[in-house]
Amino acid sequence: MAVPIFAPVPADWPATEEHARAVQRELRGRVVLDEPGPPPGTGRVTGVDVAYDDERDVVVAAAVVLDAATLTVVEEATAAGPVAFPYVPGLLAFRELPAVLAALDSLAGDPGLVVCDGYGRAHPRRFGLASHLGVLTGLPALGVAKNPFTFSCADPPAARGSTSPLLDGGEVVGRALRTQDGVRPVFVSVGHRVDLETACAHTLRLAPRFRLPESTRHADALCRRALRAATLHQPRAPGHPPVPWGKPPEPGDGPGSTPEARERSQN
DNA sequence: GCGACAG
DNA sequence: ATCTTGTCGC
């Protein structure tokens, strides 16, 4: 599988943490918070995610478009490029966005609502990945994160659909949302042009069976697959990597390789 | 100053 | 994120 697009890092992309934080403070004023957002279960929803090979300085992004009513995949795209920024908590967008934007650009159809891996408003400067993506694309966007980052919240009741406020000190920045009975919650925050209530309703609809939304599960699987394919015959930098034992596992192994098992293991 | 910290 | 062995369940 060839990864069709090469996404160079934009020439004006921030290279320092200080610059990146300044960009966040400047762009955060453009976030639109007074739109309810698209009605859940209608139109299209697009999941985006990225996978890294820091060893080879490669990031691959995937965008998977779903029909919101049926959760059927209607379109997919990937894009690869150099890693644009180191991982710094609070500056994740600068690492992921160039590749994600390239993947979104290569879609033929309208992405509709974009579901990001990570946060939007729930961010030290109220401008996480989902907000940044929304502002740069103009698309409605929300964030679904797998852990509470630096924020705090009560454990929501055990039933699917239960929520509790996600707090930064006294300010509500998102919600912990239980998407399955008795399973750890996910952490939803607004990105751009969606309100928190609608963002949670979308997230719940997108997760009828697993903890994570189908949109992010599809995007996660696709970018990993594409990264493997893009990287499979490239030599690694000499020295570092430990040589693993035995031979690599065959496709369609035993248990532990099913989607359900993967989901549970990260839960 | 130190630890914690989306992916 | 990524690495990594085995184990459980449908």
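Per chain, numbering begins at 1; letters A, B, ... match sequence-line order.
The CZ-P distance, from R184(A) to dA6(B), rounds to 12 Å in whole Å. Regarding H123(A), its NE2 atom lies at a distance of 12 Å from the C1' atom of dG7(B), rounded to whole Å.
Stacking between Y87(A) and dG7(B) is present: the aromatic ring centre lies within less than 5.5 angstrom of the base six-membered ring centre, and the two planes differ by under 30 degrees.
By the side chain to side chain contact (heavy atoms under 4.5 Å, CB included) test, R205(A) pairs with P40(A), sequence neighbours left out.
Residue contacts shown for G143(A) are absent, as no nucleic acid heavy atom lies under 4.0 Å away. At a threshold of 4.0 angstrom between heavy atoms, the contacts of A51(A) are confined to the sugar-phosphate backbone, with no base atom among them. Across all strands shown, Y52(A) has heavy atoms under 4.0 Å from sugar-phosphate atoms exclusively, and none from any base. Among the atoms of the strands shown, none is found under 4.0 Å from any heavy atom of L97(A).
Closest to the T150(A) side chain, of the nucleotides dT2(C), dA6(B), dC5(B), is dC5(B). Ranking dA1(C), dG7(B), dA6(B) by closeness to the D49(A) side chain, first place goes to dG7(B).
For H132(A) and F94(A), the ring centers sit closer than 6.0 Å to each other. Taking the ring centroids of F85(A) and W13(A), they lie at or beyond the 6.0 Å cut-off.
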- How does DNA chain C read in dot-bracket, base by base from 5' to 3', with Watson-Crick or G-U pairs under 3.5 Å and | used when the partner is on another strand? ..........
- Message: Between L204(A) and R160(A), is the side chain to side chain contact (heavy atoms under 4.5 Å, CB included) condition met? List the steps.
- Response: CA-CA 9 Å; L204(A) 198 56; R160(A) 169 176 145 92; 3.5 Å; yes
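Geometrically, R175(A) does not engage F187(A) in a cation-pi contact defined by less than 6.0 Å to the ring centre and at most 45° from the axis. Annotation: cation-pi geometry not satisfied between R126(A) and Y119(A) (NZ/CZ under 6.0 angstrom from ring centroid, within 45° of ring axis).
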